[in-house]
Amino acid sequence: MSIDSELIKELEGRVGIAEKPLFYEIEKGMIKRFTRAVGDTNPLWQDEKYAGKAGYGGIIAPPNFILILGFGKVLQNLIENPEVTVLHGSTELERHKEIKPGDVISVTNTIRNVRERQGSTGKMLFVTIDMLYENQNQEIVAECRQMTIIY
Amino acid sequence: MEKQLYYEDVAEESRITRLVKQPTTTQLVMWAGASGDYNAIHYDKDYALKRGLPGVIVHGQLAGAFLGQMLTDWAGDKGNLKKLSLSYKGMNFPGEILICKGKIVKKYFEDNQYLITLKIWVENPRSEKTLTGMAVINLPSKNDI
């Protein structure tokens, strides 16, 4: 079985300890790649003039955009071992401020808990991660709790 | 300019405009690149099969972004998505039609904001809800015009 006591111990040892923050400089190109992948053509995300007139001062990122910041890294940290499958369980996002090109967003991840369950094919782990997003002015722009399933 | 939706336009129990998507494998690769989620179960069929999956699967957060698009399309430029929760219940496969749907659960005034709580979900062609969630949106009010 791929979930061994060593992995569990390693993950449990990280519970409650904030990881080193990751920094993302938000560029228009990042937002464009995101909206293209989704197929979302809302001018608020790509037309400076339109978004300015709408009262945002310029383009803003769509609400789901923040969820990609740091999440790839979360997965990488969980699946260094290719013999392990990681699935996404749930997402709980609370947004406080819009993100715009030029912002520098820091993401701080903390494993909140690790739960072990016996599945039909072996052990499964439910890992919950809290993610805190702050901008360059030390304002909290969003908070998120991600749950992943490892087996 | 799109027509703005106001708090007064919304009735509890009513449905919002649905959004239909049909993600392709190319789109999954675009999403992997855009999001930095390089979990190979989303683009490497051999790996996905080896991991016991029926094939490559759609990223949960991509389906979540479809729901986000449905909500921002509906709420208009002055609507503000404040909370979003997503529960990934089942797998979605590229090539399949996914229908994003939403229903208004509650409208209320709180902390000086006009708020709407919605139930949202993604349905596959077998009418299975593969992704379910809740959203809270702040809408402008005609009282403030």
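Keep in mind that the numbers below use all heavy atoms, side chains included, and drop hydrogens, waters and symmetry copies.
- Between the side chains of B:D77 and A:Y50, at least one donor-acceptor pair of N or O atoms lies under 3.5 Å.
- Other residues, nucleotides and ligands contribute only 12 or fewer heavy atoms inside 6.0 Å of the NZ atom of A:K9.
- Using a 4.5 Å heavy-atom threshold, the side chains of A:N64 and B:L84 count as touching.
- Side-chain atoms of B:Y38 and A:L75, non-hydrogen and from C-beta on, never get closer than 4.5 Å to each other.
- The line from NE2 of A:H88 to CD1 of B:I41 is 11.0 Å long, rounded to the nearest 0.5 Å.
- The hydrophobic cluster containing A:V107 also contains A:I66, counting ILVMFWY residues as joined when their side-chain heavy atoms lie under 4.5 angstrom apart, directly or transitively.
- Tracing side-chain contacts under 4.5 Å through hydrophobic residues (I, L, V, M, F, W, Y), one reaches A:V15 starting from A:V74; they form part of the same cluster.
- Within the 4.5 Å cutoff, side-chain heavy atoms of B:D73 are placed close to those of A:N42.
- For A:E143, no part sits under 4.5 Å from any heavy atom of chain B, backbone or side chain.
- Side-chain contact between B:K82 and A:R95 is absent, with no heavy-atom pair separated by less than 4.5 Å.
- Taken together through direct or relayed side-chain contacts under 4.5 Å among Ile, Leu, Val, Met, Phe, Trp and Tyr, B:I137 and B:V10 form part of one hydrophobic cluster.
- Connectivity analysis of hydrophobic side chains (ILVMFWY, heavy atoms under 4.5 Å, direct or indirect) links B:Y108 to B:L115, B:V136.
- By the criterion of side-chain heavy atoms lying less than 4.5 angstrom apart, applied directly or through intervening Ile, Leu, Val, Met, Phe, Trp or Tyr residues, B:W121 is not grouped with B:L131; the two fall into different hydrophobic clusters.
- Only the side chain of A:L87 comes within less than 4.5 Å of a heavy atom of chain B; its backbone N, CA, C and O stay farther away.
- The shortest distance between side-chain heavy atoms of B:Y88 and A:I149 does not fall below 4.5 Å.
- For B:K89, no part lies under 4.5 angstrom from a heavy atom of chain A.
- For a residue to count as touching a neighbouring chain, one of its non-hydrogen atoms must lie under 4.5 Å from one of that chain's; by this rule B:L19 does not touch chain A.
- Between the side chain of A:D40 and the backbone N or O of B:F66, no donor-acceptor pair lies under 3.5 Å.
- The part of B:L62 that comes within reach of chain A is its side chain, from C-beta onward, which places non-hydrogen atoms under 4.5 angstrom from that chain.
- The two residues A:V38 and B:A65 have their closest heavy-atom pair at CG2-CB, 3.7 Å.
- Heavy-atom distances place both the backbone and the side chain of B:L81 under 4.5 Å from chain A.
- The structure places CG of B:D37 at 10.0 Å from CD of A:Q76, a figure rounded to the nearest 0.5 Å.
- The environment of NZ in B:K107 is crowded: more than 12 heavy-atom neighbours from other residues, nucleotides or ligands sit within 6.0 Å.
- The most heavy-atom pairs under 4.5 Å with chain A, out of B:G52, B:G60, B:A135, B:S87, come from B:S87.
- Judged purely by atom type and a 3.5 angstrom limit, B:Q61 uses its side chain to pair as donor or acceptor with the backbone of A:L67.
- Annotation: side chain of B:T72 is in contact with side chain of A:P63 (closest heavy-atom distance under 4.5 Å).
- Annotation: A:R117, atom CZ; neighbour count of heavy atoms from other residues, nucleotides and ligands within 6.0 Å does not exceed 12.
- Residues of residues 21-36 of chain A lying under 4.5 angstrom from chain B, judged on non-hydrogen atoms, are A:R33, A:F34, A:R36 by number.
- The contact between B:L53 and chain A is made entirely by side chain atoms (from C-beta outward), counting heavy-atom distances below 4.5 Å.
- With respect to chain A, the highest number of heavy-atom pairs below 4.5 Å among B:K21, B:K50, B:M134 belongs to B:K21.
- Residues A:L132 and A:V141 are members of separate hydrophobic clusters, defined by side-chain heavy-atom contacts under 4.5 angstrom among Ile, Leu, Val, Met, Phe, Trp and Tyr.
- Residue A:Q118 qualifies as enclosed at atom CD: its count of foreign heavy atoms under 6.0 Å is above 12.
- Looking only at distances, a side-chain donor or acceptor of B:N39 sits under 3.5 Å from a matching main-chain atom of A:V86.
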* To do: Dump the intermediate steps for side-chain contact (heavy atoms from CB on, under 4.5 Å) on A:E98 and B:N80, then the final yes or no.
  => CA-CA 9 Å; A:E98 300 296 349; B:N80 181 15; 3.7 Å; yes

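- Looking at A:Y56, only its side chain comes within 4.5 Å of chain B, counting heavy atoms on both sides.
- Partners of B:F109 under the side-chain contact (heavy atoms from CB on, under 4.5 Å) rule, at least two apart in sequence or in another chain, are B:N112, B:Y114.
- Listed for the B:Q27 side chain is a donor-acceptor partner under 3.5 Å among the backbone atoms of A:A37.
- For the salt bridge (Lys or Arg N to Asp or Glu O under 4.0 Å) test, no residue two or more places apart in sequence or in another chain qualifies with B:K119.
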